[in-house]
Amino acid sequence: MRLSRYFLPVLKETPGDAQIVSHQLMLRAGLIRQTAAGIYAWLPLGHRVLRKIEQIVREEQDRAGAIELLMPTIQSADLWRQSGRYDAYGPEMLRIKDRHNREMLFSPTAEELFTQIFENGARSYRDLPRMLYQIQWKFRDEVRPRFGVMRGREFLMKDAYSFDVDFAGARHSYNRMFMAYLRTFARMGLHAIPMRADTGPIGGDLSHEFIVLAPTGESEVFYHENWEKPRDTSAVDADDPAALEAFIDGLNTDYAATDEKRDLALEAEAGSALKQSRGIEVGQVFYFGDKYTKAMGVTVQGPDGTTITPEMGSYGIGVSRLMGAIIEASHDKDGIIWPDAVAPFKVALLNLRADDAACAAAADAIYARLEAAGVEVLYDDREERGGAKFATADLIGVPWQLVVGPKGVAAGTVELKRRGAGTREELSVDAAVAQLTA
RNA sequence: CGGGGCGUAGCUCAGCCCGGUAGAGCGCUGCCUUCGGGAGGCAGAGGCCGGAGGUUCGAAUCCUCUCGCCCCGACCA
């Protein structure tokens, strides 16, 4: 992509209404624009990152055996009356009337609809277990939206729902999702700690929140220092219920809890290893048994002809919030530092002298080679001075900067800079292209 | 929902107390110089001062109402 033809409105100054660094940088780097309180437009660069994050979430859901589908955002109030949540949910639910005065709502979550759709297609215990998920916009009419996409009213969420014949099955589904979450966040360069959590209005008695530590987080959290090391999930066989359960139980022997679920006895046991911090909730997993299947009369037939009320769990990831969390975790004074896995482009190609024919020709040629090799490259071919191009590239946080300047062109070299580490290397064009296409 | 604050140029803000022809920096357009970390000069474009009423000879400025946004608290998968 040539920057001269792209749509990237960057801001030199920090908008006054942005309080936390991720919000400030998302606005400055041209990722989002606010259109109303807690509602954001996703500009091209932000949209690219959002899709990267979404894709990682999708791959790990698929890997965990969940099946993707897509539910509508507007749902009927009647459906929610069946579970009793139409009245229970409160003003956070955006209620709408259609032209026939029928009561509708914008989905804040989708247990009811998934339960209903599942019931429609499942008759027998042979149809279980199943995990279904979607990545879809949600709306919660928060009293006070704040911190940009961290607490927006409209947000992109991955929500998954598991259906099992019994508790053992449900527990295994829960564990599979737990494992998927560890892998998902790790792939984005985030260290998320699972913490015992309140179940809230969804109900149930087994729940963990996945928390990324950050001073600007909204939750106060307490954890054993062992959690500061990332955990290796590569050797665990998620298809083996006993092995998976043993692994997760092993993890959870190290204390970690949000402030609503503190256990002072366990904290005393942790002693000086107990750490306190603030954190951003990026995901939550719930087991809630037959709360919805029972309320909505969902049954399947068992092998012996009896009826089974499936046991459920639900599993959320705040996809749009993750972008804020990643920036909170990875930035410096100059801007965002995208982890490679979610970066909007892999490399920013900077032609420092757009008016110099030799530089322009060299940069054009490199651009063509990288494009041909399928590398995502943002080519800064604008009529700007070098300093402005460096500043923009640093701000938007693309992992590699490939710098083409008159000195290098004369010598047949380019400079390759790694955004995060700040390291620079002079090398031949071929070597630079080879490194970026490796 | 309680308390507080703010709406003036694309962005950051000054002007408001104390009413008298709308300002700065950055950005934008053109030209010149400059050219490896957000350069300099010259010349420009750009705003019914959030909206509606009111007071006044005269309102960005004072009063009333209203809409929007932000912060603190309460709330919160």
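Worth saying up front: this structure is predicted, and the values here are computed from it rather than measured. Protein chains get the first letters and strands the later ones, always in sequence-line order, with residue 1 at the start of each.
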* Asked: In Watson-Crick or G-U wobble terms, both distances under 3.5 Å, what is the partner of C17(B)?
  -> none
* Asked: Between F118(A) and F163(A), what is the ring plane arrangement, given parallel below 30°, perpendicular above 60°, and tilted in between?
  -> parallel
Provide a list of protein-nucleic acid N or O atom pairs under 3.5 angstrom, restricted to nucleotides 65-75 of chain B.
{"unit_1": "C69(B)", "atom_1": "OP1", "unit_2": "A37(A)", "atom_2": "N", "d": "2.8"}
{"unit_1": "C69(B)", "atom_1": "O3'", "unit_2": "Q34(A)", "atom_2": "NE2", "d": "3.1"}
{"unit_1": "C70(B)", "atom_1": "OP1", "unit_2": "Q34(A)", "atom_2": "NE2", "d": "3.0"}
{"unit_1": "C72(B)", "atom_1": "OP2", "unit_2": "R144(A)", "atom_2": "NH1", "d": "2.9"}
{"unit_1": "C72(B)", "atom_1": "OP2", "unit_2": "R144(A)", "atom_2": "NH2", "d": "2.6"}
{"unit_1": "C75(B)", "atom_1": "N4", "unit_2": "R146(A)", "atom_2": "NH2", "d": "3.4"}

* Asked: Is there a Watson-Crick or G-U wobble partner for G38(B) with both distances under 3.5 Å, and which nucleotide is it?
  -> none
* Quickly work out the F390(A) CZ to G38(B) C1' distance and round it to whole Å. => 12 Å
* To do: Calculate the interatomic distance between R424(A) atom CZ and G36(B) atom P; express it in whole Å.
  => 13 Å
* Could you note down all residue pairs passing salt bridge (charged side-chain N to carboxylate O under 4.0 Å, His left out) where residues 14-31 of chain A supplies at least one of them, sequence neighbours left out? => none
Between the protein and nucleotides 22-31 of chain B, which nitrogen or oxygen pairs come in under 3.5 angstrom?
{"unit_1": "G25(B)", "atom_1": "N2", "unit_2": "E13(A)", "atom_2": "OE1", "d": "2.8"}

* Please list all pairs passing the salt bridge (charged side-chain N to carboxylate O under 4.0 Å, His left out) test where one or both residues lie in residues 325-334 of chain A, with sequence neighbours left out. => D332(A)-R419(A)
* To do: Could you tell me whether the phosphate oxygens of A39(B), OP1 or OP2, come under 4.0 Å of any side-chain nitrogen or oxygen in R385(A)?
  => yes
* When all nucleic acid strands are considered with a 4.0 Å heavy-atom cut-off, which category describes K417(A): base, sugar-phosphate, or nothing? -> base
* Structure fact -> Rounded to whole Å, CG of D380(A) lies from P of G38(B) at a distance of 15 Å
* For E371(A), what residues pass the salt bridge (Lys or Arg N to Asp or Glu O under 4.0 Å) criterion, not counting sequence neighbours? -> none
* Structure fact -> Here the salt bridge (charged side-chain N to carboxylate O under 4.0 Å, His left out) pairs for residues 340-356 of chain A, sequence neighbours left out, are D340(A)-R418(A), R353(A)-D355(A)
* Listed partners of R33(A) passing side chain to side chain donor-acceptor pair (under 3.5 Å), at least two apart -> none
* To do: Under 4.0 Å between any heavy atoms, over every strand shown, what does T392(A) touch: base, sugar-phosphate, or nothing? Just pick one.
  => base
* **Nearest-angstrom distance, P atom, G7(B) to A14(B)** => 7 Å
* If you look at every strand shown and take non-hydrogen atoms under 4.0 Å, does D334(A) touch a base, only sugar-phosphate, or nothing? -> nothing
* Please give the nucleotide sitting opposite C62(B) as a Watson-Crick or G-U wobble pair, both distances under 3.5 Å, or none. => G54(B)
* Asked: Base, sugar-phosphate, or nothing: which does R321(A) touch, judged by heavy atoms less than 4.0 Å apart?
  -> nothing
* Asked: If we call it a pair only when both distances are under 3.5 Å in a Watson-Crick or G-U wobble match, what pairs with G44(B)?
  -> C28(B)
* To do: Could you tell me the separation between the CG atom of L350(A) and the C1' atom of G38(B), rounded to a whole number of Å?
  => 13 Å
* Structure fact -> Using Watson-Crick geometry (N1-N3 plus N6-O4 or O6-N4) or G-U wobble (N1-O2, O6-N3), each under 3.5 Å, C1(B) is paired with G73(B)
* **Between U29(B) and G10(B) - C1' atom distance, rounded Å** => 14 Å
* Asked: In chain order, what residues pass the side chain to side chain donor-acceptor pair (under 3.5 Å) check against S4(A), with sequence neighbours excluded?
  -> D381(A)
* **C1'-based separation of U61(B) from U56(B) [nearest Å]** => 13 Å
* Which residue, A110(A) or P406(A), contacts RNA chain B at a nucleotide closer to its 5' end, judged by nearest heavy atom? -> P406(A)
* Between F185(A) and F210(A), how do the two ring planes meet: parallel, tilted or perpendicular, split at 30° and 60°? -> tilted
* Pick base, sugar-phosphate or nothing for P15(A), based on heavy-atom distances below 4.0 Å to the nucleic acid. => sugar-phosphate
* Asked: At under 4.0 Å between heavy atoms, what does R28(A) touch on the DNA or RNA strands: base, sugar-phosphate, or nothing?
  -> base
* What does A22(B) pair with, Watson-Crick or G-U, if both distances are under 3.5 Å? -> none
* **Nearest-nucleotide 5' precedence on RNA chain B, Y161(A) against L352(A)** => L352(A)
* Plane angle bin for Y174(A) and F178(A) - parallel if under 30°, tilted between 30 and 60°, otherwise perpendicular -> tilted
* **Ring geometry between W80(A) and Y89(A) (parallel below 30°, tilted from 30 to 60°, perpendicular above 60°)** => perpendicular
* Structure fact -> To the nearest angstrom, the CZ-C1' distance between R382(A) and C35(B) comes to 15 Å
* **Within residues 209-223 of chain A or reaching into it, pairs that qualify as salt bridge (charged side-chain N to carboxylate O under 4.0 Å, His left out) - sequence neighbours excluded** => R146(A)-E218(A), R151(A)-E218(A), E220(A)-R278(A)
